[in-house]
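Values reported hereafter were calculated over all heavy atoms of this structure, with side chains retained and with hydrogens, waters and symmetry mates removed. Fair warning: this is a prediction, and the values are worked out from it, not measured in the lab.
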Amino acid sequence: MAWDTEATQRKLLDAGARQFAAHGFAGARMETIGRDAGVNKERVYSYFGDKRGFFAAVLSDQLDSLLEDVPVRGTGPDAVGGFAGRLFDYYQARPLIARLLAWESLELSEPVAVERRTALCQDRAAAIGAALHGVDAECGSDVLLSVLTLVTGWWTLSGLTAVVLDADAGDASRRATIVAQARQLATLRASAPA
């Protein structure tokens, strides 16, 4: 029976995403990843090189479509609020992504897949700029970073909720607040003097 390389790599990437999201680069164990995937851990090395190469492959695989799948639609501050809401929904459907982003920042000296992700960010920043009736590229990038930070923070720093808020904010409530904050930020940035 022929070995299904593609299926094996997919199992390893999925298991790697689960283990790295839970334990980070330093805490994840290759034996555990192999067990989780139902594959001999030696396959990781033959397909992806060392552990760092595998971590980069997992991050690249999980983050590749993050902004590609979340468009900016419409015009004005509502477009930015809608983008924030769709990004929130994307993270909710893929809960490992925010944790992997956090581990990437904590444990890597530079982000993975920089060229592809930079191009996607520039595209989304330009779309935000166009939605806000021609604000400059720097402003679009600032708004994008703020929205990404707001949304990603909910999924990575949710333990702060009990400390900061009097009541436990559920996902729906937090989503509505983030959408409103993104709209307010867009309103402020669009009306700021150039």
Got a sec, which residues hit salt bridge (charged side-chain N to carboxylate O under 4.0 Å, His left out) with [X], two or more places apart in sequence or on another chain?
| X | result |
| --- | --- |
| E115 | none |
| R116 | D64, E68 |
| D123 | none |
| R99 | none |

Measure across [X] and [Y] and return the closest heavy-atom pair with its distance rounded to 0.1 Å.
| X | Y | value |
| --- | --- | --- |
| F54 | L12 | CZ-O, 3.2 Å |
| V80 | A182 | CG1-O, 3.7 Å |
| F48 | A57 | CD2-CB, 3.6 Å |
| S60 | V112 | N-CG2, 3.8 Å |
| P77 | T187 | CG-OG1, 3.2 Å |

Going by the rule side-chain hydrogen bond (donor to acceptor under 3.5 Å, both in side chains), which residues pair with [X] if we only count those two or more places apart in sequence or in a different chain?
| X | result |
| --- | --- |
| D89 | R175 |
| R86 | none |
| R94 | none |
| D69 | S65 |

Can you list every pair that meets salt bridge (Lys or Arg N to Asp or Glu O under 4.0 Å) and has a residue in residues 20-36, with sequence neighbours left out? R18-D36, E31-K41
Rounded to the nearest 0.5 Å, what's the gap from [atom1] on [X] to [atom2] on [Y]? Could you check?
| X | Y | atom1 | atom2 | result |
| --- | --- | --- | --- | --- |
| I97 | T152 | CD1 | OG1 | 10.0 Å |
| R124 | L87 | CZ | CG | 10.5 Å |
| R117 | Q122 | CZ | CD | 13.5 Å |
| R10 | D4 | CZ | CG | 12.5 Å |

Do any side-chain atoms of residues 131-145 form donor-acceptor pairs under 3.5 angstrom with protein atoms, and if so which ones, sequence neighbours left out?
unit_1 : atom_1 : unit_2 : atom_2 : d
D136   : OD1    : E138   : N      : 3.4
D136   : OD1    : C139   : N      : 2.7
S141   : OG     : A137   : O      : 3.1

Would you say [X] and [Y] make side-chain contact, with heavy atoms under 4.5 Å?
| X | Y | value |
| --- | --- | --- |
| V151 | Y90 | no |
| L59 | L108 | yes |
| I128 | R189 | no |
| R174 | D171 | no |

Listed by chain and number, what are the ring-ring contact (aromatic ring centres under 6.0 Å, His included) partners of F55, not counting sequence neighbours? F20, F25
Hphob cluster co-occupancy, [X] + [Y], side-chain heavy atoms under 4.5 angstrom:
| X | Y | result |
| --- | --- | --- |
| W155 | V179 | no |
| F83 | L188 | no |
| V114 | L101 | no |

Please enumerate all residues that pass side-chain contact (heavy atoms from CB on, under 4.5 Å) together with A17, with sequence neighbours excluded. V58, Q62, L96, L100
